[in-house]
Amino acid sequence: MDGGQVTGRLEGKVVIITGAARGQGLAEAQLFASEGAHIIAGDVLDHEGVYLDVTSAESWSSAVALAVERYGRVDVLLNNAGVRAVAPVHEMPIAEFQRVLDINLIGPLLGIQAVVPHMPRGSSIINVSSLNGLAANVNTSAYTTSKFALRGLTKSAALDLGPLGIRVNAILPGVIRTPMVSYIVDEYEERLASGLPLGRIGEPIDVASAALFLASDDSAWVSGLDLTIDGGQMASTPKL
Ligand SMILES: NC(=O)c1ccc[n+]([C@@H]2O[C@H](COP(=O)([O-])OP(=O)(O)OC[C@H]3O[C@@H](n4cnc5c(N)ncnc54)[C@H](O)[C@@H]3O)[C@@H](O)[C@H]2O)c1
């Protein structure tokens with residue numbers, strides 16, 4: 001050591017994370033804070049962060065106003081909040097399908113619209129899609145539709161916001177150990193893990209580390225990307 005100051009990879013950056021009360025969002029808030037970021041941790045659950053319902057434009061306005069009041073700008077938006085609904089497509093209640101689209105797709109769009117006026121050049125927007133943004137599982141029509149569409153939104157936004165110096169990328173996680181899929185993991189972990197090239201399911205920190213790369217200046221020339229974080233799952237054709 002030469003006595004120089006050690007700084008984090010997100011030192012001084014102002015970051016809004018949605019769905020930050022638990023699961024991947026919580027891991028991202030903790031990792032980003034440890035790398036020197038100022039975090040606005042939003043969720044609809046009771047937790048230490050800020051109340052932010054991603055489906056509400058008013059809720060976005062107050063979360064962004066808080067960030068701007070405290071820190072003067074927003075450098076990173078991590079659209080992580082998401083929900084699933086499980087039913088066969090022919091029985092999926094329209095209200096339920098709409099609710100999933102509202103949270104998983106319109107939520108990130110409202111977020112983008114709220115933060116862009118406060119983003120300096122060099123800022124980064126990260127949308128959490130899914131391997132279900134590339135292919136479906138049974139009974140996931142609402143979720144799969146929302147995650148495909150979120151990839152489309154990501155690419156459109158990458159084009160529209162590029163001239164403003166704002167990068168927009170998508171993360172596509174495979175199976176990650178969080179409350180969202182705990183019932184699947186509890187029952188099938190061994191089978192899921194043995195089907196993956198890397199031999200284990202994902203942990204929230206695996207996704208958070210990838211999000212850190214996209215949030216930081218290390219990815220300064222990366223935009224419009226679909227980054228799969230899946231233990232190698234998509235490298236394979238289906239096992240027969
Ligand atoms: N866990 C997986 O296997 C997996 C795989 C692929 C993609 N994902 C995606 O990763 C993201 C994070 O999910 P997770 O696995 O941590 O799940 P999770 O259920 O543990 O966390 C999701 C969080 O989003 C919050 N949320 C729900 N509705 C909200 C709203 N209207 N406004 C604000 N917050 C809201 C929830 O309260 C919760 O804290 C989601 O977008 C999910 O679709 C998860």
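Order of appearance sets the numbers: ligands from 1, and atoms from 1 within every ligand. Keep in mind that this is a model prediction, so the values were computed, not measured.
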Linked, directly or transitively: [X] and [Y] (ILVMFWY side chains, under 4.5 Å):
X      : Y      : value
Val74  : Val54  : yes
Tyr188 : Val181 : yes
Val207 : Val15  : yes
Val68  : Val115 : yes
Leu212 : Ile126 : yes

Those atoms of ligand 1 less than 4.0 Å from some heavy atom in [X]:
X      : result
Val175 : 3 (O)
Val83  : 27 (C), 28 (N)
Gly23  : 16 (O), 20 (O)
Asn80  : 11 (C), 12 (C), 40 (C), 41 (O)
Pro179 : 20 (O)

What residue and heavy atom of the protein are closest to [atom], and at what distance?
atom                    : value
atom 22 (C) of ligand 1 : Gly82 O, 3.8 Å
atom 24 (O) of ligand 1 : Gly19 CA, 3.5 Å
atom 42 (C) of ligand 1 : Tyr143 OH, 3.5 Å
atom 39 (O) of ligand 1 : Asp43 OD2, 2.7 Å
atom 44 (C) of ligand 1 : Gln24 NE2, 3.2 Å
atom 29 (C) of ligand 1 : Val44 CG2, 3.7 Å
atom 5 (C) of ligand 1  : Gly174 O, 3.0 Å
atom 19 (O) of ligand 1 : Arg22 NH2, 2.7 Å

Checklist entry - So, Glu189 and Arg200, do they make that salt bridge, N to O below 4.0 Å? => result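 So Glu189 does not pair with Arg200 through a salt bridge.
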Item to check | SB check Arg9 Asp217 (cutoff 4.0 Å) | outcome: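 So Arg9 does not pair with Asp217 through a salt bridge.
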Looking at ligand 1, does any of its N/O atoms fall within less than 3.5 Å of an N/O of [X]?
X      : answer
Val54  : yes
Ser130 : no
Thr178 : yes

When you measure from the side chain of [X] to the backbone of [Y], do you find a donor-acceptor pair of N or O atoms at a distance under 3.5 Å?
X      : Y      : answer
Asn80  : Val128 : no
Ser124 : Leu214 : yes
Thr154 : Leu150 : yes

Would you mind finding which of [options] brings a heavy atom closest to [atom]?
atom                    : options                        : value
atom 3 (O) of ligand 1  : Ile176, Val100, Ile229, Leu172 : Ile176
atom 31 (N) of ligand 1 : Asp46, Asp53, Leu26, Asn79     : Asp53
atom 33 (C) of ligand 1 : Val128, Leu52, Thr18           : Leu52
atom 35 (C) of ligand 1 : Gly111, Ala81, Pro173          : Ala81

Next on the checklist: Applying a heavy-atom cut-off of 4.0 Å, say which part of Ala20 lies close to ligand 1: side chain, backbone, both or neither.
Outcome noted: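 No part of Ala20 comes within reach of ligand 1.
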Checklist entry - Counting only heavy atoms, which portion of Lys147 has something under 4.0 Å from ligand 1: side chain, backbone, both, or neither? => result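 For Lys147, only side-chain atoms sit under 4.0 Å from ligand 1.
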Checklist entry - Is there a side chain to side chain donor-acceptor pair (under 3.5 Å) between Asn127 and Asn169 once you walk through the steps? => result CA-CA 6 Å; Asn127 294 326; Asn169 293 288; over 6 Å; no
Item to check | Intermediate values then yes/no, side chain to side chain donor-acceptor pair (under 3.5 Å), Ser219 and Arg167 | outcome: CA-CA 9 Å; Ser219 57; Arg167 303 179 291 107; 2.8 Å; yes
Checklist entry - With sequence neighbours left out, which residue pairs that include part of residues 225-234 fulfil the side-chain hydrogen bond (donor to acceptor under 3.5 Å, both in side chains) condition? => result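 The answer is Arg151-Asp226, Lys155-Asp226.
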